[in-house]
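Only one structure is covered here, and it is reproduced in the block below.
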Amino acid sequence: MAAKGADAWRTLSLWHLVFVVVMVTSAGAVAFDGRTTGAQTLAALIVLASMCVLYVSLGIRALSTAYDQVSSLVVGYLVGMVALALILTGINLGGALVFLVVFSHLWMALPLRTAIVANVVAAAALGVVIAVRYRGPDHVSSGLLPAIAAAMVLLGILGGIWISRIIDQSRRRAELLAELRATRAQLAMVSHEAGVRAERERLARDIHDTLAQGFTGILLSLRTMKQEIADDPEAAEQRRATLETLARANLEEARALIAFLTPTLLDGASLADAVRQLSDQFSRELRIEVTARITGTPRVLAADREVVLLRAAQEGLANIRKHAEADRVEVELTYLDDEIILAIQDDGRGLAGAGHGFGLTNIRNRVAEIGGTVSVQSPGGKGTRLVVNAPLVAA
């Protein structure tokens, strides 16, 4: 079991100050008591000094031991303190003040039941000493003996209850603090794991939306280039140049992902400019007509919203590359008062199972994170229209 002193005494240095204050007050009461002789005053001060020496040499260690283990150190210290306090009270009535610390030390160093008995015995002994030593016309009448003894016992019990409550409260606070630390550690671990999972998902989405799409475009172009090398060397050279540009863009995206930077198209450019660049790049790559149109008044958005919308545009165009076999694509970015709309329309063969691919799932998840929605229509299997609605500011 934890030490009683560890719960209260060690952590409450105020008790040391209490001991000093009580000793100094008692010394003053003894020294300025005009009813005692000089020899009595000197003897009382010597007893007080002895109590201080006993406290420093044995008391601090005794009060720091486990309260459920009554060692010889504890017994020796407490018996010595009680005896010296009774002697001091017998010499000078003002010395009875030291029982304020004696009672508290009994409660702090002993198990509860033992402390109750010890306090009752010490209080009764104090009452007897006062009644016997100071009875008479100038002190206490014999009729007050039972009252004095009862008062001392009651004082001891009340003091013990007070000390016990302090110790119990200290122990409960220590337990609560330990539980709080454990809870914080668990929450930190859970938060860390959640952060790791979220970061993995983010990286997976970014890799899919950038590097994977770029490599897919390179592979598709290489297949076309194989035939062009024999039939049209000039076209093959143009495609080679396009592939080099796409490979460099992929390399830049990889570096941006590693450095946790924004997409390279947004580096120093607005979302509207990035969409135009992306459309031009896609047009050169596939050699089809890609029109980018910006309507409304462009404005600067939060970085996370611009990244999400650009990734959505990249994913939409990547799906057209892989599935649509389109000849014409329109990309429209519309700024309204409270939302922004990204629409991508192609004239291809539509998307089989539109809306269920991994890429479109990524778009929906990303857009949902900023409070937006995604819809995909492919009426009659002719052409596909991807629409992303996102609020301009967080809800």
Side-chain angles (χ1 to χ4, degrees), residues 1-9 12 14-15 18-19 21-23 25-26 29-30 44 47-48 50-52 54-55 58-135 139-171:
M1 184 179 293
K4 200 170 190 177
D7 289 331
W9 180 265
L12 297 178
L14 179 63
W15 285 107
V18 169
F19 181 86
V21 170
V22 170
M23 290 296 112
T25 303
S26 299
V30 168
V47 173
L48 276 171
S50 300
M51 294 181 72
C52 293
L54 183 63
Y55 174 73
L58 299 181
I60 295 176
R61 283 189 295 139
L63 295 172
S64 299
T65 59
Y67 70 89
D68 56 350
Q69 299 175 359
V70 184
S71 64
S72 57
L73 173 66
V74 171
V75 173
Y77 168 70
L78 294 177
V79 169
M81 285 294 283
V82 171
L84 289 173
L86 291 173
I87 294 171
L88 178 62
T89 303
I91 297 174
N92 190 297
L93 184 59
L97 288 173
V98 298
F99 273 92
L100 292 174
V101 293
V102 171
F103 289 146
S104 64
H105 290 185
L106 289 171
W107 284 100
M108 293 168 66
L110 297 173
L112 181 59
R113 294 182 180 179
T114 306
I116 292 175
V117 174
N119 270 269
V120 170
V121 171
L126 175 59
V128 171
V129 168
I130 293 176
V132 172
R133 172 67 177 82
Y134 299 101
R135 66 181 176 181
H139 296 286
V140 181
S141 65
S142 59
L144 291 179
L145 287 177
I148 293 175
M152 294 299 102
V153 172
L154 180 62
L155 178 62
I157 293 176
L158 292 177
I161 292 174
W162 179 62
I163 297 297
S164 295
R165 286 183 177 178
I166 291 176
I167 293 173
D168 290 340
Q169 290 174 359
S170 177
R171 185 181 298 110

Nearest atoms (heavy-atom pairs only) where [X] meets [Y]:
| X | Y | value |
| --- | --- | --- |
| Val22 | Leu97 | CG1-O, 3.5 Å |
| Phe99 | Leu86 | CZ-CD2, 3.5 Å |
| Val102 | Ala85 | CG2-CB, 3.9 Å |
| Ala29 | Asn92 | O-OD1, 4.4 Å |
| Ala118 | Leu110 | CB-CD1, 3.7 Å |
| Ser26 | Val98 | OG-CG1, 3.4 Å |

Would you give the length of the straight line joining atom [atom1] of [X] to atom [atom2] of [Y], rounded to the nearest 0.5 angstrom?
| X | Y | atom1 | atom2 | value |
| --- | --- | --- | --- | --- |
| Leu63 | Leu78 | CG | CG | 7.0 Å |
| Phe103 | Leu126 | CZ | CG | 5.5 Å |
| Leu84 | Thr89 | CG | OG1 | 10.5 Å |

message = If only side-chain N and O atoms count, and only distance matters, is there a donor-acceptor pair under 3.5 Å linking Tyr55 with His105?
response =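 No, no side-chain donor-acceptor contact under 3.5 Å.
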Problem set entry | Pairwise side-chain contact, Leu106 with Met81, heavy-atom cut-off 4.5 Å (strictly under) | no
